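What follows is a set of notes on a single structure, which appears directly below.
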Amino acid sequence: MNDNEDTLDKIFERAIKGKSIFKDRNTLRIEYVPDKLLFRDEQITRLGQILAPILRGNKPSNALLYGKTGTGKTVVAKYVMKKLSEKSKLTNVKFSFVYVNARLALTEYKILVEFARELGMYIPFTGLSISEALDRILIHLANNHLKTILILDEIDFYVKNYGDNLLYEFMRSQEKLPSDSFISLIGISNDLKFKEFLDPRVLSSLSEEEIVFPPYTVEELKVILWERAKLAFNEGAITESAINLCAALAGAEHGDARRAVDLLRVAGELAERSGSNQVTDEHVKMAVKSIEKDRIYEAVRSLPLHAKIVLLSILFFKEPETTGKIYSKYVELCKKLGIPELTQRRVSSLISELDLLGLVSAPVISKGRFGRSKRVKLATPILTIKEALMEDDTIKLLF
DNA sequence: CCTCCACTGGAAACCTAGGCTC
DNA sequence: GAGCCTAGGTTTCCAGTGGAGG
């Protein structure tokens, strides 16, 4: 029996016996909201106090939650909203809460589209002005006497890219709404500096209440992971040192619980796939690599065609190259494909975008007499990028 | 100290897809 | 269907620039 057969055999064997590493892998998903949130009592209480007035039909203050990624902001917000919804069934007050992630929505307009969709109304994905879209939402709220709490996640991303117009409109929306409906805004931010971009009026209104989420310590992460592991894995399916390693790796960054839980999930999946019956340190180490690879793969795959061609052009050079050189290569590739090429100005922007995604590194350097340009080189394993680029039918023609 | 390369990156104009009103 | 609107991507234009070589 060779290794493959051996592995398959183990997997099938376990499937038959109904025994697996996981008891309930859903508890390790990002969206999962646990019944009990650890080390966040203070924040939960504060947010609860802030939002409680809605149970009597009054408008809660706007609030701002901030802290680094994976410090529990989103999960606390969702948790409190869940509890609040349950409580509201006992009273007559009807309200809705809407969760929108600004970074996933991408544009100002799409935030509104998302907001509307969550309220159960339809707004066309193009064709309306922003103010028209907002007006429609307000009319909908007014007609249905809706009290709404809008949780705007990654609000810093939105403000940095689009300014605070929309926030300002939300703040002023009360003037256009009857007294029995309102929008309260809960902003969630990874970055405190974004306040500098806000108009003072918006700032004072948004940060009527502020809740800070400190990073988890490694010790706290360990406890959190243990709690999750108990729900997710079968008895004895994970070693203590594997959990500690997850906690240590995530703690080394900045106490990122999301990353810690992610590591645990992927490590579990890898262990299961390899036919092992226990998650060990080795699986965690493999998980680190696997997560990084997936990230790159996904980033490349979702790139628009021209960005992919630019990336491929960069791939051709072993040494760091200037924008000019890469542009010539890019033009050459476009000719081969028989598609019209973009201007160098645009390609320069595309390179900057690839830099932002972390796929390439492209700092601007000066070479004195020989001009000033970006120094472009890959920042990620070439094989992974190649593999991901091959997925594209058009790009494939160039290999 | 000055020059001048090979761009950078801001600003505005332009194009396209789609929805609006009448 | 005409004539209007907007968002988002792109092109056009161009002033600005860090520093090696003179």
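Any value given below was found using the heavy atoms of this structure, including those in side chains, with hydrogens, waters and symmetry copies removed. All values reported here derive from a predicted model rather than from experimental measurement. Letters go in sequence order (proteins before strands), and every chain restarts at 1.
The side-chain tip of Arg40(A) points at the ring of Tyr216(A) from less than 6.0 angstrom away and within 45° of straight on.
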Where do Glu321(A) and Lys377(A) land on the salt bridge (charged side-chain N to carboxylate O under 4.0 Å, His left out) test, with the steps shown first?
-> CA-CA 7 Å; Glu321(A) 268 305 345; Lys377(A) 63 165 192 232; over 6 Å; no
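Nucleotide dT8(B) holds its P atom 14 Å from the CD atom of Glu353(A), rounded to whole Å. The separation between Gln344(A) atom CD and dG9(B) atom P is 13 Å, rounded to whole Å. Between the CD1 atom of Ile111(A) and the C1' atom of dA7(C) there is a distance of 14 Å, rounded to whole Å. In this structure, the OH atom of Tyr330(A) is 18 Å from the C1' atom of dC7(B), given to the nearest Å.
When the shell of 6.0 Å around CZ of Arg258(A) is examined, it contains 12 or fewer heavy atoms from other residues, nucleotides or ligands. Residue-environment remark: NZ (Lys59(A)) exceeds the threshold of 12 foreign heavy atoms within 6.0 Å. With a 6.0 Å radius and a threshold of 12 heavy atoms from other residues, nucleotides or ligands, Lys78(A) has its NZ atom above the threshold. Shown here is Asp35(A), whose CG atom has no more than 12 heavy atoms of other residues, nucleotides or ligands within 6.0 Å.
Separation of atoms CZ (Arg301(A)) and CE (Met390(A)) is listed at 15.5 Å; rounding is to 0.5 Å. Taken from CZ in Phe170(A) to CG in Leu112(A), the straight-line distance is 5.5 Å, to the nearest 0.5 Å.
As judged by a 4.0 angstrom heavy-atom cut-off over every strand, Ser349(A) is placed among residues making no nucleic acid contact.
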Please write out each protein N/O paired with an N/O of nucleotides 17-22 of chain B under 3.5 Å, distance rounded to 0.1 Å.
| from | atom 1 | to | atom 2 | distance (Å) |
| --- | --- | --- | --- | --- |
| dG19(B) | O4' | Thr126(A) | O | 3.2 |

Under 3.5 Å, N/O pairs linking protein and nucleotides 9-12 of chain C:
| from | atom 1 | to | atom 2 | distance (Å) |
| --- | --- | --- | --- | --- |
| dT10(C) | OP2 | Arg346(A) | NE | 2.8 |
| dT10(C) | OP2 | Arg346(A) | NH2 | 2.6 |
| dT11(C) | OP2 | Thr343(A) | N | 3.1 |
| dT11(C) | OP2 | Thr343(A) | OG1 | 3.0 |

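Interface residues of residues 354-371 of chain A facing DNA chain B, ordered by number: Val364(A), Gly368(A), Arg369(A), Phe370(A), Gly371(A); criterion, heavy-atom separation under 4.0 Å.
Less than 6.0 angstrom separates the ring centroid of Phe22(A) from the ring centroid of Phe233(A).
In this structure, Ile351(A) and Val360(A) approach most closely via the heavy-atom pair O-CG2, 4.1 Å.
Paired with Asn62(A) under the rule side chain to side chain donor-acceptor pair (under 3.5 Å), one option of Ser184(A), Ser205(A), Ser204(A) passes, and it is Ser205(A).
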